[in-house]
Each structure stands twice: as structure tokens, then as C-alpha cells.
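Presented below is the structure to which this report refers.
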Number of protein chains: 2
Amino acid sequence: MTDSMDSRRPRAKAADKRQRLMAAAARVLHEQGVERTTIADIAQAADVPAGNVYYYFKTKGELVEAALSEHTRHLEALTGRLDQLADPRERLKGLVDAWVGQRDTAARYGCPTGTLAVELDKRAEGGLDLSVGQVIRRLLDWVEQQFREMGVDDPGGLSLTFVGAYQGMSLLSSALRDPEIMTREGARLVHWLDTLT
Amino acid sequence: MTDSMDSRRPRAKAADKRQRLMAAAARVLHEQGVERTTIADIAQAADVPAGNVYYYFKTKGELVEAALSEHTRHLEALTGRLDQLADPRERLKGLVDAWVGQRDTAARYGCPTGTLAVELDKRAEGGLDLSVGQVIRRLLDWVEQQFREMGVDDPGGLSLTFVGAYQGMSLLSSALRDPEIMTREGARLVHWLDTLT
DNA sequence: GTCTATAAACCGATAGAC
DNA sequence: GTCTATCGGTTTATAGAC
């Protein structure tokens with residue numbers, strides 16, 4: 001590490017700023033919603049000059065997609081860790097634990113992916129995007145795989161019920177501003193998993 | 001009905017236009033979302049000149065509240081009809097039927113109240129509104145009352161699970177653009193009601 | 001009461017200096 | 001690559017004619 005390197009490595013800066021912008025977009029868009037968030041909001045949260053954002057992302061839509069890919073990345077990391085558990089039932093319980101662990105955030109801003117889906121659904125007119133649907137689809141598929149390994153009937157249907165319960169409890173928790181809904185419904189989901197043969 | 005009456009009854013027009021604006025607001029805000037809907041959009045849907053809207057509603061926020069009260073009115077009308085059924089279990093099944101009957105709308109735009117709650121949650125900063133929470137609370141209370149009349153344990157918890165399931169299946173149905181999710185999960189809810197003692 | 005014209009503010013995106 | 005200044009379009013809300 002020489003002094004000259006500090007001035008000669010603006011290459012690393014670009015990727016760094018881009019990453020900061022992606023993380024800021026994921027957080028701010030979740031908290032404020034897509035339509036109420038300005039480019040300036042995201043730039044400020046990322047500590048990047050406002051006009052400079054357009055060097056990294058040509059449109060606001062690209063920033064939204066970047067935020068979505070951040071959420072995907074977090075989901076993959078979580079399921080990746082859970083995959084190391086031997087029992088598929090324990091993997092699903094671990095997923096519930098992770099959801100309940102985020103209860104304060106859920107009670108204030110809802111599920112990041114779910115609330116983003118609600119907003120993007122109303123953006124698409126004719127040519128719908130559906131990229132957010134793919135993220136949810138990926139979660140549904142992973143959950144379904146766990147049910148399949150458990151050997152239960154209709155793993156696809158159970159996956160819909162399971163993920164739907166999470167989306168529903170997140171929405172109610174935020175609408176009523178009550179994180180304990182997450183705790184209560186999470187415990188119910190865990191108990192439900194134990195009743196499945 | 002004389003010709004003179006047509007020109008001499010502007011009194012009825014005011015309430016009429018106001019009602020048209022409320023209905024249009026409820027529909028358009030549901031379809032397009034709060035932030036993407038302009039006053040002009042609502043005025044056009046209500047067949048009222050754009051600038052005239054402000055005579056009836058001072059701000060856009062008042063139009064949002066008006067839309068919310070429309071949803072409340074529809075909900076009260078529905079539960080009012082269901083209250084005429086003798087069996088509380090049948091009332092809840094009737095509620096599920098009504099939800100499934102709206103599956104095409106749900107698959108495209110989600111639950112009117114639920115999606116509105118998601119958007120309004122992100123509007124409130126410090127002084128939160130929570131008026132949408134009261135509408136959901138009213139539904140939760142009605143459902144809880146049915147469970148209580150059924151004599152089951154923990155009617156409040158069951159109500160959260162029941163309404164949460166509806167919100168979750170509406171969100172998944174719209175995110176995946178699949179109305180059959182409403183049919184499938186609705187049938188599951190009905191079966192679940194039958195398993196309760 | 002009804003409607004038009006427009007003010008005032010805001011935001012996404014761009015041009016261009018450095 | 002980085003940043004500033006600003007354009008152009010849109011939207012809320014109001015002023016005021018009818």
C-alpha cells in the first residue's frame with residue numbers, strides 16, 4: 001500500500017460506489033416505497049453526489065432492479081445457510097426464525113420483496129415486468145423442495161400456504177404496527193410444521 | 001320530468017359528483033396505486049373536470065381517505081349480508097366465497113385494502129395515519145366474533161391467521177398473476193374451517 | 001357551484017465542465 | 001470517472017372568470 005496507490009486506484013471506487021448505491025437503493029426503496037423515493041434520496045443514503053448516480057444506473061428503473069437483485073442475494077444467502085442443516089423440517093423452521101427475527105422491520109415496512117411486488121404490480125400496464133414474481137417464485141420453489149424432501153403430500157400447495165402465511169402476517173404486522181404478530185404467527189407456523197407427517 | 005327540471009336541479013349534482021369521485025378514487029387508486037395516480041386520472045374516471053375536484057376534496061390525501069371509506073362501506077355491506085346467515089361458520093365460508101369471487105381482480109391488483117395499507121405505511125413518516133389499520137382491524141374483529149360464536153379456543157389468534165391467509169394469497173396471486181391461487185387457497189381455508197370443532 | 005388557466009414545486013434525466 | 005447546473009415534463013394546488 002503506497003501513497004501513490006491511493007490516488008491510482010479509482011478502479012476500485014467505481015465498483016464500491018455501485019455497490020453502495022445498490023445497498024442504499026434496497027434499503028431506502030423498502031422504507032419509503034418506489035414512487036416516493038427520489039434518485040436524490042438514494043444518492044444521499046449512499047453518500048454519492050446526486051447527479052453522479054446516472055453514471056452507474058441509466059434510469060430509476062435500473063435502480064429498482066438493482067434493489068431487487070440485492071433482495072435476491074440476501075435470500076440466496078439465507079437459503080444457502082439453511083441448506084447446510086440436515087433435516088428439511090429444520091430448514092423451514094430456520095426460515096421462520098429468520099422471518100421472526102426481522103419482526104421489527106416487518107412491523108414498520110413489511111416484507112421487502114412482498115411490498116416491492118405490490119408496488120411493481122401497479123407499475124406494469126401492458127408489458128408487465130414480473131421480475132419480482134421470479135424472486136417470489138424462487139422462494140416458493142425452495143420451500144417446495146423442503147416439503148418434497150419431507151415426503152408430504154402436495155408440496156407445491158403447502159409451499160403456497162407457507163409463503164402466503166408469511167406475506168399475510170408481514171402485511172398485518174405492518175398495517176397494525178405490531179411486531180408481536182410476527183412472533184405469534186411464526187410460532188403457529190412452526191407448530192404447523194410439526195403436525196405434518 | 002320537465003325540461004326546466006334538468007336545468008334547475010344542480011343541488012343533486014353536488015352530492016352526485018362527490019359520490020362519483022369517491023367511487024372513481026376507490027377504483028383507480030386500487031388499480032394504479034396511490035403515488036402513480038394523479039388527480040386528473042380520478043377526475044377523468046369520474047367524468048368530472050380536472051380542476052373541479054378541489055371543490056369537493058381539498059387535497060389528494062382527502063381523496064385517498066375517501067377511497068378508504070368506500071372500501072370500508074363495501075366491507076360493511078358484505079359482513080352485513082353475511083350476518084343474516086344463522087351459522088357463524090357459514091358466515092366465514094361466505095366471506096371466503098366473496099374473496100374467491102374477486103379472484104381475477106385480486107390476481108391483477110391485489111386486495112384493495114391490503115395494497116392500500118402497503119402504500120400508506122410508506123407514506124406516514126413521523127405522525128402515522130393508521131386509518132387503514134382501523135379498516136383491517138374492523139375486519140379482524142368481525143372474523144374474531146364469528147370464531148367466538150363458534151366456541152373455539154383463541155378466536156383472536158384464529159382471526160389473525162384467517163385474515164392473514166387472505167392477504168397472503170392475494171399478494172401471491174397478484175405477484176404471480178395467477179387467479180387460481182385464490183381458488184386453491186380459498187378451498188383450503190374452507191376445509192380448515194370445517195376441521196375446527 | 002362549475003370550470004379554466006396557471007402558479008409553484010418537484011423530479012427524472014441530460015449536457016457538459018473538470 | 002466525477003460532479004454541477006439545469007432543462008423539460010409533470011403534478012398539486014390555487015386564483016379567479018363565469
Side-chain angles (χ1 to χ4, degrees), chain A residues 4-26 28-29 31-68 116 119-120 122-125 129, chain B residues 4-25 28-29 31-68 119-120 122-125 129:
Chain A
S4 61
M5 274 192 72
D6 283 333
S7 57
R8 280 181 190 170
R9 58 172 177 190
R11 317 158 205 99
K13 287 279 183 66
D16 183 50
K17 278 194 182 179
R18 193 185 159 83
Q19 178 54 42
R20 285 215 312 274
L21 281 168
M22 289 181 69
V28 178
L29 290 175
E31 293 176 358
Q32 303 189 349
V34 175
E35 307 299 339
R36 289 186 69 83
T37 298
T38 67
I39 305 280
D41 289 336
I42 296 173
Q44 187 175 6
D47 201 31
V48 167
N52 196 2
V53 173
Y54 284 94
Y55 176 74
Y56 300 97
F57 300 94
K58 274 190 273 292
T59 65
K60 184 178 180 179
E62 286 191 14
L63 267 171
V64 174
E65 284 200 27
L68 191 58
L116 193 54
E119 284 200 274
L120 295 189
K122 308 202 185 251
R123 276 202 139 193
E125 295 166 24
D129 192 345
Chain B
S4 62
M5 275 192 71
D6 282 334
S7 58
R8 281 182 190 170
R9 56 173 177 189
R11 316 159 205 95
K13 288 278 182 66
D16 183 49
K17 278 196 181 178
R18 192 184 160 83
Q19 178 52 43
R20 285 215 312 275
L21 281 168
M22 288 181 71
V28 178
L29 289 175
E31 293 176 358
Q32 302 188 349
V34 174
E35 307 299 338
R36 290 185 69 84
T37 298
T38 66
I39 306 280
D41 289 336
I42 296 173
Q44 187 176 7
D47 201 31
V48 167
N52 197 1
V53 172
Y54 283 94
Y55 176 73
Y56 300 97
F57 300 93
K58 275 190 272 294
T59 65
K60 184 179 179 179
E62 286 191 13
L63 266 171
V64 174
E65 285 200 25
L68 191 58
E119 285 200 273
L120 296 189
K122 309 204 183 244
R123 274 203 142 194
E125 294 165 25
D129 193 346

Atom [atom1] of [X] and atom [atom2] of [Y]: how far apart are they, to the nearest 0.5 Å?
X: A:Leu21; Y: A:Ile42; atom1: CG; atom2: CD1; result: 8.0 Å
X: B:Arg20; Y: B:Asp16; atom1: CZ; atom2: CG; result: 5.0 Å
X: B:Gln32; Y: B:Asp41; atom1: CD; atom2: CG; result: 4.5 Å
X: B:Leu63; Y: B:Leu29; atom1: CG; atom2: CG; result: 7.5 Å

Separation of [N] [atom2] from [X] [atom1] (nearest whole Å):
X: A:Phe57; N: D:dC3; atom1: CZ; atom2: C1'; value: 17 Å
X: A:Lys60; N: D:dT10; atom1: NZ; atom2: P; value: 16 Å
X: B:Asp16; N: C:dG1; atom1: CG; atom2: C1'; value: 14 Å
X: B:Asn52; N: C:dT4; atom1: CG; atom2: P; value: 9 Å

Would you say B:Tyr55 reaches C:dG1's phosphate, i.e. side-chain N/O to OP1/OP2 under 4.0 Å?
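Yes, within the criterion.
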State whether B:Tyr56 places a side-chain N or O below 4.0 Å from either non-bridging phosphate oxygen (OP1 or OP2) of C:dT2.
yes
Under a 4.0 Å heavy-atom cut-off, which of residues 33-50 of chain A touch DNA chain C?
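Under 4.0 Å from DNA chain C: A:Thr37, A:Thr38, A:Ile39.
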Electrostatic pair B:Glu119:A:Arg36 at N-O distance under 4.0 angstrom
no
Salt bridge present between A:Glu35 and A:Lys122 (N-O < 4.0 angstrom)
no
Shortest non-hydrogen contact from A:Phe57 toward A:Met22:
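Looks like CZ-CG, 3.7 Å.
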Hey, is the main chain of A:Tyr56 close enough, under 3.5 Å, to the side chain of A:Lys17 for a donor-acceptor pair?
no
Quick test: give all pairs of protein nitrogen or oxygen and nucleotides 16-18 of chain C nitrogen or oxygen below 3.5 Å, distance rounded to 0.1 Å.
none

Closest nucleotide among C:dA13, D:dA13, D:dT2 to the A:Tyr54 side chain
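The answer is C:dA13.
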